[in-house]
Amino acid sequence: MRAAQSMMLRALRSGQRQFSVAVTRPWEDKWLTLPPVSASSSASVELNQLSSTPTTALKWVVRCCPHLPRALVHKLFRLRQVRIHPATVIQQQTFKRDPAILVLNKPPGMPVQGGINIKRSLDAVAAASLNYGYSQPPRLVHRLDRDCSGILVMGRTHTSTTVLHSIFREKTSRASDDIGKEKRILQRRYWALVLGCPRRPKGLVTASLGKVVVDNGRSDRITIVDNSTLMSSQHAITEYRVIASSSQGYTWLELTPLTGRKHQLRVHCAEVLGTPIVGDYKYGWQAHRKWGHFDLPNVEDSREELLNEEKLPFGLNLNKGSISENHPRLHLHCKQMVLPNISQALQNVQSASSCDLSLVEELELVADLPPYMQRSWDVTNY
């Protein structure tokens, strides 16, 4: 029935109980996935307004879905149309556990780190509700762009954070040595939907990046630079492979950054491959205008959309933004990551058996696409 709305509540357990809610309208084939909250912590929908009592499943649904009549929510619970299932935040393909790290599937639109004019950030969420019995909150060891989604790794202790920092730094400094290697200490694979198609089905991009100031100093952007002309340029290397092409002119790419530079994948796609990522209006504005498939919003439309999204938890709307809509979001997702088992590495160091990370078992992590990217995938592969 069109008047019916079914909900599924997944409990994500990792040391303490955690809730994650998804609301579906079957006739629209759309899901609204809500951020998780630890039931034993004092987290609430707004990060700066922590509740003094434990958050139950019913309270979380009511808080996150204020547009749903409270009577309907209670009825769904009474009719047992809310189901609780155990799951993990990130699927580990090798089914191995590493208590030294915390791995999240970062939602698009949420900044990783707080700062000026940033009210909500992922590190604040972690500090408020993702301690899981540890005396200190998890720490960031790498970054994802605000509008990028996918795998984000955090250290759960000072020691594991130090080791992870070292792994990510050495990944960039020794990138040239990793070219052509099948096995690497750290592997990251992103999925991106781009406008157009690269000339070759796979290849290697080696182009240095540098920051330039634009708009009379009001903002800056990253661009391709010549090493000989700019002392502050940073060497950047990206492997790419075509996953699938569509008749509409879109292409799905697998991007493997061998270095970790700011906006590296977005700039390499736009300026080197000539295929800007869908929804990247910073580096692909002109391409989106020429594409003609989208009605780019004006300032008033953007402001109204922002106000509407602010009604959702953390200001996020993971359903809106596919290529079926007028204003697609950034289609860049960290889909897979392979890294050493940090707990085992630390045990090896303590026992003086070996400090060689290449000898440590691997953890393979996989993160599902956000709903709007999954929708774009379905549209392009129909």
Check P108 against D147 and note the closest heavy-atom contact, atom names and distance. CB-O, 3.6 Å
Considering only heavy atoms from C-beta outward, does the side chain of Y190 approach that of M337 to under 4.5 Å? no
Please tell me if the side chains of I224 and V272 come closer than 4.5 Å, counting only heavy atoms from C-beta onward. yes
Please identify which of these residues, V153, L357, I167, meets the side chain to side chain contact (heavy atoms under 4.5 Å, CB included) condition with L186. I167
Tell me whether T172 contacts the main-chain N or O of G260 through its side chain, where contact means a donor paired with an acceptor under 3.5 Å. yes
Under 4.5 Å between side-chain heavy atoms, hopping through other hydrophobics if needed: is there a path connecting V338 to V103? no
All heavy atoms of A127 vs all of P137, minimum pair found to be CA-CB, 3.7 Å
Between CG on residue L104 and CG on residue L130, distance to nearest 0.5 Å: 6.0 Å
Applying side chain to side chain contact (heavy atoms under 4.5 Å, CB included) to A236 and not counting sequence neighbours gives L209, T259, R261, Q264, H268
Can a salt bridge be assigned to the pair K335 and E364 using a cut-off of 4.0 Å between side-chain N and carboxylate O? no
According to a 4.5 Å side-chain heavy-atom criterion applied to Ile, Leu, Val, Met, Phe, Trp and Tyr, with indirect links allowed, do I323 and I243 form part of one hydrophobic cluster? yes
Check whether any side-chain heavy atom of Y132 lies under 4.5 Å from a side-chain heavy atom of L102, and answer yes or no. yes
Measure the OG-CE distance between S160 and M154 for me, rounded to the nearest 0.5 Å. 10.5 Å
Rounded at 0.5 Å granularity, tell me how far NE2 in H327 sits from OH in Y281. 3.5 Å
Testing the basics here: between R156 and P99, what is the closest heavy-atom pair and its distance to 0.1 Å? CD-O, 3.2 Å
Assess the residue pair F168 and R188 against the criterion (side chain to side chain contact (heavy atoms under 4.5 Å, CB included)); give the C-alpha distance rounded to whole Å, side-chain angles, the decisive distance to 0.1 Å, and a yes or no. CA-CA 11 Å; F168 278 89; R188 290 172 293 174; 4.2 Å; yes
Heavy-atom donor-acceptor pair, S322 side chain to S376 backbone, under 3.5 Å: no
Heavy-atom check, side chain of W191 versus side chain of L253, under 4.5 Å: no
Sequence-distant partners of S246, side chain to side chain contact (heavy atoms under 4.5 Å, CB included), two or more places apart: Q248, Y250, T380
Tell me, yes or no, whether the heavy-atom count around R200 atom CZ, taken from other residues, nucleotides or ligands under 6.0 Å, exceeds 12. no
Without swapping roles, check the side chain of K106 against the backbone of M110 for a donor-acceptor pair under 3.5 Å. yes
If we check side chain to side chain donor-acceptor pair (under 3.5 Å) with Y283, which of these qualifies: E271, R221, H263? H263
With a 3.5 Å cut-off and no angle check, do the side chains of Q113 and R143 form a donor-acceptor pair? yes
Report yes if some heavy atom in the side chain of L164 is under 4.5 Å from a heavy atom in the side chain of L339; otherwise report no. yes
How far apart are the closest heavy atoms of W377 and N381, and which atoms are they? O-ND2, 2.8 Å
Any donor-acceptor pair under 3.5 Å linking the side chain of N105 with the backbone of D368? yes
Using 0.5 Å steps for rounding, measure from the CZ atom of R266 to the OG1 atom of T238. 13.5 Å
Test side chain to side chain contact (heavy atoms under 4.5 Å, CB included) on R139 and H165 and set out the steps. CA-CA 10 Å; R139 299 172 173 87; H165 270 304; over 6 Å; no
Could you tell me whether the side chain of D145 and the main chain of C148 form a donor-acceptor pair under 3.5 Å? no
Listed by chain and number, what are the ring-ring contact (aromatic ring centres under 6.0 Å, His included) partners of Y372, not counting sequence neighbours? H331
Do C269 and P276 have side chains that get closer than 4.5 Å, going by heavy atoms? no
For the student: nearest non-hydrogen atoms of H142 and V112, plus distance: O-CG1, 4.4 Å
Check whether any side-chain heavy atom of H333 lies under 4.5 Å from a side-chain heavy atom of P370, and answer yes or no. yes
Measure from the side-chain N and O atoms of D98 to the backbone N and O of I342, and report whether any donor-acceptor pair falls under 3.5 Å. yes
What verdict does the salt bridge (Lys or Arg N to Asp or Glu O under 4.0 Å) test give for D178 and K171, after you've listed the backbone C-alpha separation in whole Å, the side-chain angles of each residue and the deciding distance to 0.1 Å? CA-CA 8 Å; D178 282 343; K171 174 70 176 178; 3.7 Å; yes
Walk me through it: do Q136 and T161 pass the test side chain to side chain contact (heavy atoms under 4.5 Å, CB included)? CA-CA 12 Å; Q136 295 180 337; T161 300; over 6 Å; no
Find the distance between CD1 (I277) and CG (L195) and round it off to the nearest 0.5 Å. 10.0 Å
List, by chain and then residue number, the residues other than I179 in its hydrophobic cluster (Ile/Leu/Val/Met/Phe/Trp/Tyr, side-chain heavy atoms under 4.5 Å); write none if there are no others. L204, I237, L258
T159 meets the side chain to side chain contact (heavy atoms under 4.5 Å, CB included) criterion, sequence neighbours left out, with T157, L346
Flag, side chain of S208 to backbone of S233, donor-acceptor distance under 3.5 Å: no
Is there a path from V379 to W252 through hydrophobic residues (I, L, V, M, F, W, Y) whose side chains come within less than 4.5 Å of each other? yes
If the condition is side chain to side chain contact (heavy atoms under 4.5 Å, CB included), which residues does P201 pass it with, not counting sequence neighbours? none
Can you tell me how far CD1 of I222 sits from NZ of K262, rounded to the nearest 0.5 angstrom? 5.5 Å
Heavy atoms only: give me the nearest L273-V205 pair and the separation to one decimal. CD2-CG2, 3.9 Å
Side chains of L363 and P340: closer than 4.5 Å at any heavy-atom pair? no
